[in-house]
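Being a predicted model, the structure only gives us computed values, none of them experimental. Only heavy atoms go into these numbers, but all of them, side chains included; no hydrogens, no water, no symmetry mates.
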Amino acid sequence: MHLKRTKRTPPWRLALLGFLAASTAASAQSARELYQWKPVAIGGGGFITGYASDPAGRTRVVRTDVYGAYLWDADQDRWVQLVTAATMPEENRRQNGVAEGVYEVAVAPSDPNRILMVAKGHVYRSNDRGKSFVRETSGEGFPLAVDPNSAFRLYGPSLAVSPSSPDLVLLGTPKNGLLRSDDGGVTWTQVKGLATAPGPAGMPILTWFEPARAGAAALAWAMLPGQGMVVSKDGGRSFAPLVGADKPQPKTLKNGQFGPDGAFWAVDQETQSVWRFAAGAWTDLSQRPGMSRGRFATVAVNPRGGEVYVFDEGGKALRSADGGASWRAVAHASQAGPKDPPWLRVTNQSYFATGRVLFDPAQPNRLINAAGTGVYVADAEPNASRLTWVSQTRGIEELVANDVVQAPGQAPVFAAWDFGAHVKENLDAFSTRYGPKERVLIAAQQLAWSTSNPAFLATNASDTRMNCCWQDGDAVLAGYSLDFGKTWRKFPTLPTPPGTKPDDPWRMSFGSIAVSANDTSNLVWEPSFNRAPFYTKDRGATWAQVVLPGGKPPFTGSHSQYYFPRKTVTADRVLPGVFYYYHSGMGENAALRGLWRTQDGGASWSRVFDREIAPDSQYSAKLRAAPGKAGRLFFTSGTSEGADLRLRRSDDGGASWTALDGVEQVDDIGFGKPAPGSDEPAIYISGRVRGRYGIWRSTDNAASWRSVAGFPLGTLDQVTVIEGDKDVFGRVYVGYKGSGWLYGQPSSCNEEPLRLGARSQCVAAE
């Protein structure tokens, strides 16, 4: 037998082929850049406006007033966001798709997989415990006129599901009457005769089903503001007054629930009363021993022992063990839970903001508080004289993002409404503290740093409670840090802008602030409320007013409302003493519209552009200076709708502007470390490029753009701020209107579909 001889490949050629194949694969992999996105772990910080659960406690959900709702994930021992691009219908997967809180949420008592949620004027239904939602298909009055962040956001419940049928649902609204569905929220009809109510404008209709009773259909109840309680015996098709008009009864209620004996308990904030309905009659308990009238927030009835707790909106509690005949005060304290953000210890105050409180359906004697900074629990033993609220907020990121900065060699700092500035050495670990001072409701509206000293940081932090709490002298904590936010010093003085008084603690507060590129003693600060800007050259020891030629006093500023995410004062990142100030021409100062520039630290100003840079610039406009590039500026009106939302760029210090083709809308602009081999700072934007929304990066001065995410981690919230990292190429920080911050960076992660409860997401840059 003769074997055919084959030609053998030399070893050197095999090695070369292997090297070329590996290089080709590596090149393909590098071209296909992957980004990993995660939350910046700060935790909590916003009001939980409602809580719902099935009777066994298997499905627990909470709603918020600023963005979304959360489901408790027992396997992960944390809350997970329900409102994401992975769970919501296609029509919501767009910019600003559901960028607000949830008006109401409920779990069907007979089916823990059925969740109903009212958001963005529509009803959403999940049959798989939140993994996916569908929207109602028809109904009267849709989209609904509901506001999850109104003055009545803590009233409820307004959404009730029958205990015997997950398909029978009642929904109370402020303006669309009482709606009924008998197919699980697919279609809705208005209950006739209950479409309007003469109560306070915006107060919703509240609704309940009685607990299930053997052999009897549960009655439906509805509180019509200004009229009183009505009841239905036919599943909500028709209603009649619970008691006669001549009988004592509440005309408005804030919150109520049934006790184990069938009695109904409720609180009325309008009359500052506590009510009980039993044996066919209402009883006002406000004059019983130990009870007095107050701004009551909620009532909680123990399903096992019948003890009743009522809470005012500051957390003060009264307890009754004898059916409301007498009451005793219960002290309270709060603390951060062992797995929760440590900074939540600041809630241990005499005023503990309280929303809805219920007893845990699964854990005996445990109270659950939908509170002002998250979810808290307390064990209420019989005859308890003290409640200790322990946070159980992990997973909830609800701070309203104002700003984020990161200077070379420094940890990033994140600034929020209500709970200050957080320095994040570790982005994945909860914050342990915040600045400038751990004061409840201190808002760090803006942060400013200088290229001359990257450790210097300034802020215009101010307390949002402008009707109280100034006596300690810290209503305005504006000042500076020499260690990039770890410790702070207040400005030695605050000026008195024209139109204000020296004894007004908030005379100089909020607004927009900037620090010179070459001198950290030189700052320009434009306060809010259209008050005149000021500058200092000695770190706030003295201030002088910014005077624009042609200005009409007293209100010559251009920052009208403190809650606008507006940043229109900036320093050139290269040129010494150069600041830019954009004026939208509000109030009586239309003549000041345009871009102004100073070259002497604020003493004298000249207008270099004499009209609006972009339309609708009076609200959330952003003026940004590029690092390392003298005179290079970017501008966006910051709005999401309008005829011309294009990004503008100036290369000559604002004298002329170019609208960038293809960049159709921008929320904000940030800058990061240049790409390898380049001296152009990486530019990051949130917005639409050639019709497509996402987070975008440019490495060539906005000539081309690459998407690094569509909706990172599925968030459908509205972006308020964006910034790049100066030390890590590709890392970008994104802040949202009601859900804190995310960060993304190039990674060797593995792509996979986003799912409910995911703690990170890997996406391909395109």
Can you check side-chain hydrogen bond (donor to acceptor under 3.5 Å, both in side chains) on K501 and T496, steps first, answer last?
-> CA-CA 7 Å; K501 298 179 179 179; T496 301; over 6 Å; no
Test ring pair (Phe, Tyr, Trp, His ring centres under 6.0 Å), reference W741, set Y733, F414, W37, output is F414
Under 3.5 Å, is there a donor-acceptor pair linking the side chains of N701 and R632?
-> yes
Looking at H422 versus Y434, is the centre-to-centre ring distance below 6.0 Å?
-> yes
Out of curiosity, D725 CG to Q410 CD, how far, rounded to the nearest 0.5 Å?
-> 11.5 Å
Enter the distance from K622:NZ to D668:CG here, rounded to the nearest 0.5 Å.
-> 5.0 Å
Option among S558, S620, S560, S617 that satisfies the side-chain hydrogen bond (donor to acceptor under 3.5 Å, both in side chains) test with R566 | S558
Less than 6.0 Å separating the ring centroids of Y684 and F671?
-> no
For T568, does its backbone N or O pair with a side-chain atom of H583 as donor and acceptor, under 3.5 Å?
-> no
Just how far is it from atom CD of Q446 to atom CG of N402, taken to the nearest 0.5 Å?
-> 9.0 Å
Do you know which two heavy atoms are closest between T699 and A675, and how far apart they sit?
-> CG2-CB, 4.0 Å
Decide if the gap between the ring center of F456 and the ring center of Y480 is smaller than 6.0 angstrom.
-> yes
Tightest non-hydrogen contact, residues Q545 and P498, listed as OE1-CG, 3.5 Å
Pair E612-R648, salt bridge (Lys or Arg N to Asp or Glu O under 4.0 Å): steps then yes or no = CA-CA 11 Å; E612 272 194 300; R648 268 75 170 173; over 6 Å; no
Given side chains that start at C-beta, do those of L399 and W417 come closer than 4.5 Å, heavy atoms only?
-> no
Within the 6.0 Å centroid threshold, strictly below: F579 and Y535 | no
Please identify each residue that fulfils salt bridge (charged side-chain N to carboxylate O under 4.0 Å, His left out) with R507, with sequence neighbours left out.
-> none
Identified side-chain hydrogen bond (donor to acceptor under 3.5 Å, both in side chains) partner of R153 from the options D147, D65, T64 = D65
Verdict with supporting geometry, Y693 and S686, side-chain hydrogen bond (donor to acceptor under 3.5 Å, both in side chains) = CA-CA 8 Å; Y693 174 79; S686 159; 3.2 Å; yes
Does D474 use its side chain to pair, donor to acceptor, with the backbone of L477 at less than 3.5 Å?
-> no
CA sep, side-chain torsions, deciding dist, call: F534, L523, side chain to side chain contact (heavy atoms under 4.5 Å, CB included) | CA-CA 8 Å; F534 281 76; L523 299 97; over 6 Å; no
Euclidean distance, R731 CZ relative to D727 CG, rounded to 0.5 Å | 8.5 Å
How many angstroms lie between atom CH2 of W525 and atom OG of S512, to the nearest 0.5 angstrom?
-> 11.0 Å
Minimum heavy-atom separation for Q445 to H559, with atom names?
-> NE2-CE1, 4.0 Å
Electrostatic pair D667:R688 at N-O distance under 4.0 angstrom = no
Apply the test side-chain hydrogen bond (donor to acceptor under 3.5 Å, both in side chains) to residues Y581 and E526: give CA-CA distance (whole Å), side-chain angles for both, the deciding distance (0.1 Å), then the verdict.
-> CA-CA 9 Å; Y581 171 37; E526 178 193 26; 2.8 Å; yes
Going through the distances and angles, do F419 and T373 end up as a side chain to side chain contact (heavy atoms under 4.5 Å, CB included)?
-> CA-CA 10 Å; F419 293 98; T373 55; 3.4 Å; yes
Looking at side-chain heavy atoms only, is the closest gap between E425 and K486 below 4.5 Å?
-> yes
Verify the neighbour count for atom CD of E588: are there more than 12 heavy atoms of other residues, nucleotides or ligands below 6.0 Å?
-> no
What residue among R692, R690, R697, R706 forms salt bridge (charged side-chain N to carboxylate O under 4.0 Å, His left out) with E766?
-> R692
F430 and W343: aromatic ring centres closer than 6.0 Å?
-> no
Do the side chains of T536 and F491 get nearer than 4.5 Å, heavy atoms only?
-> no
Grab the two heavy atoms, one from S509 and one from F529, that are nearest each other, plus how far apart they are.
-> OG-CE1, 4.0 Å
Shortest non-hydrogen contact between A702 and I683, atoms and distance = N-CD1, 3.9 Å
Got a second to check how far D717's CG is from E397's CD, nearest 0.5 Å?
-> 12.0 Å
Begin from the C-alpha positions of E100 and Q718 and carry the test side-chain hydrogen bond (donor to acceptor under 3.5 Å, both in side chains) through to its verdict.
-> CA-CA 8 Å; E100 63 180 37; Q718 175 65 46; over 6 Å; no
Looking only at non-hydrogen atoms, find the nearest pair between P505 and W470 and report the distance.
-> CG-CB, 3.7 Å
Would you check if V476 and M508 make a side-chain contact, meaning some heavy-atom pair closer than 4.5 Å?
-> no
